[in-house]
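Down below is the structure, laid out as structure tokens.
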Amino acid sequence: MADAEDVRRLALALPEVEEIDSEGFDFRVAGKGFIWSYPERSPGQPRRIRTDIAVLYVGDEAEKQALLLGEPETFFTAPGYGKMPLVLLRLAQVDRMRLEELVTDAWRMRAPGPLAAQFSEASGLSDADPA
């Protein structure tokens, strides 16, 4: 079972990651967010930052739908996220190894091409290999 501290440890281990000051966690590479705490909004209620749920960048609609349909107990979406390449991830539903894969994949999709390629090369991965 993963948690917010696992997200923080994994994100900060990646090259050129910046943690944005927030109530929860918020990580960016080259100014682009790749994983952050879910800002839950309920009608008539103040926004609540959920550190047990992460907003995760997935790159495209096909990947988003594959995760949502294939693992609905782990991934979901909410109003306002419909057209964006983002899923909501229940951290308690993944182990640390799976979380590392998800965080690294999100980082690779948001990092500048040369940085992602350099990281893949240093990690022994090709650009076609999943992280």
Side-chain angles (χ1 to χ4, degrees):
M1 180 166 100
D3 62 22
E5 285 308 308
D6 293 316
V7 172
R8 181 169 279 109
R9 179 181 52 79
L10 292 167
L12 291 174
L14 295 165
E16 299 185 26
V17 168
E18 175 184 16
E19 183 171 10
I20 303 303
D21 186 31
S22 70
E23 294 176 46
F25 53 85
D26 185 345
F27 298 98
R28 299 179 188 188
V29 60
K32 298 176 185 175
F34 64 97
I35 191 166
W36 59 92
S37 302
Y38 173 48
E40 184 177 54
R41 292 172 177 87
S42 298
Q45 300 292 318
R47 180 181 77 157
R48 185 178 121 187
I49 301 300
R50 299 276 307 265
T51 58
D52 61 322
I53 298 173
V55 180
L56 181 71
Y57 184 82
V58 294
D60 64 31
E61 187 65 22
E63 178 69 14
K64 178 178 181 172
Q65 291 306 315
L67 292 170
L68 293 174
L69 295 171
E71 300 176 71
E73 68 287 345
T74 303
F75 300 98
F76 67 105
T77 191
Y81 290 88
K83 301 225 185 266
M84 293 186 268
L86 304 168
V87 294
L88 303 177
L89 165 64
R90 292 178 182 96
L91 293 172
Q93 296 296 320
V94 296
D95 62 21
R96 289 172 183 92
M97 195 167 169
R98 176 78 189 282
L99 182 62
E100 181 175 12
E101 174 187 318
L102 292 166
V103 170
T104 302
D105 285 348
W107 176 89
R108 287 177 74 196
M109 287 182 273
R110 300 297 271 174
L115 180 61
Q118 181 182 23
F119 175 77
S120 293
E121 188 175 299
S123 302
L125 303 171
S126 75
D127 287 336
D129 289 339

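Only this structure's heavy atoms are used, side chains among them; waters, hydrogens and symmetry mates stay out.
Among residue pairs with one or both ends in residues 29-46, those qualifying as side-chain hydrogen bond (donor to acceptor under 3.5 Å, both in side chains) are Glu40-Arg50; sequence neighbours excluded. The salt bridge (charged side-chain N to carboxylate O under 4.0 Å, His left out) analysis of residues 57-66, with sequence neighbours excluded, yields no pairs.
Under the 6.0 Å distance and 45° angle rule, Arg110 does not count as a cation-pi partner of Phe34.
Using a cut-off of 4.0 Å between Lys/Arg side-chain N and Asp/Glu carboxylate O, Arg9 and Asp6 are scored as salt-bridged.
Between the CG atom of Leu115 and the CZ atom of Arg108 there is a distance of 11.0 Å, given to the nearest 0.5 Å. With rounding to the nearest 0.5 angstrom, the CE atom of Met1 is 8.0 Å from the CZ atom of Arg96.
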Side-chain donor/acceptor pairs under 3.5 Å, residues 73-91, sequence neighbours excluded:
{"residue": "Arg90", "atom": "NH1", "partner": "Pro72", "partner atom": "O", "Å": "3.1"}
{"residue": "Arg90", "atom": "NH1", "partner": "Glu73", "partner atom": "O", "Å": "3.2"}

Sequence neighbours excluded and cut-off under 3.5 Å, please list the side-chain donor-acceptor pairs for residues 10-18, or say none.
none

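Of all heavy-atom pairs spanning Val29 and Pro112, the tightest one is CG2-CD, 4.4 Å. The two residues Thr104 and Glu100 make their nearest non-hydrogen contact at OG1-O, 2.8 Å.
Side-chain contact between Ile35 and Trp107 is absent, with no heavy atoms from C-beta onward closer than 4.5 Å.
Glu5 meets the side-chain hydrogen bond (donor to acceptor under 3.5 Å, both in side chains) test with Arg8; sequence neighbours excluded. Applying the side-chain hydrogen bond (donor to acceptor under 3.5 Å, both in side chains) rule to Glu23 yields no partners; only residues at least two apart in sequence or on another chain are considered.
Linking ILVMFWY residues whenever their side-chain heavy atoms come closer than 4.5 Å, directly or via other members, leaves Ile49 and Phe27 in distinct clusters.
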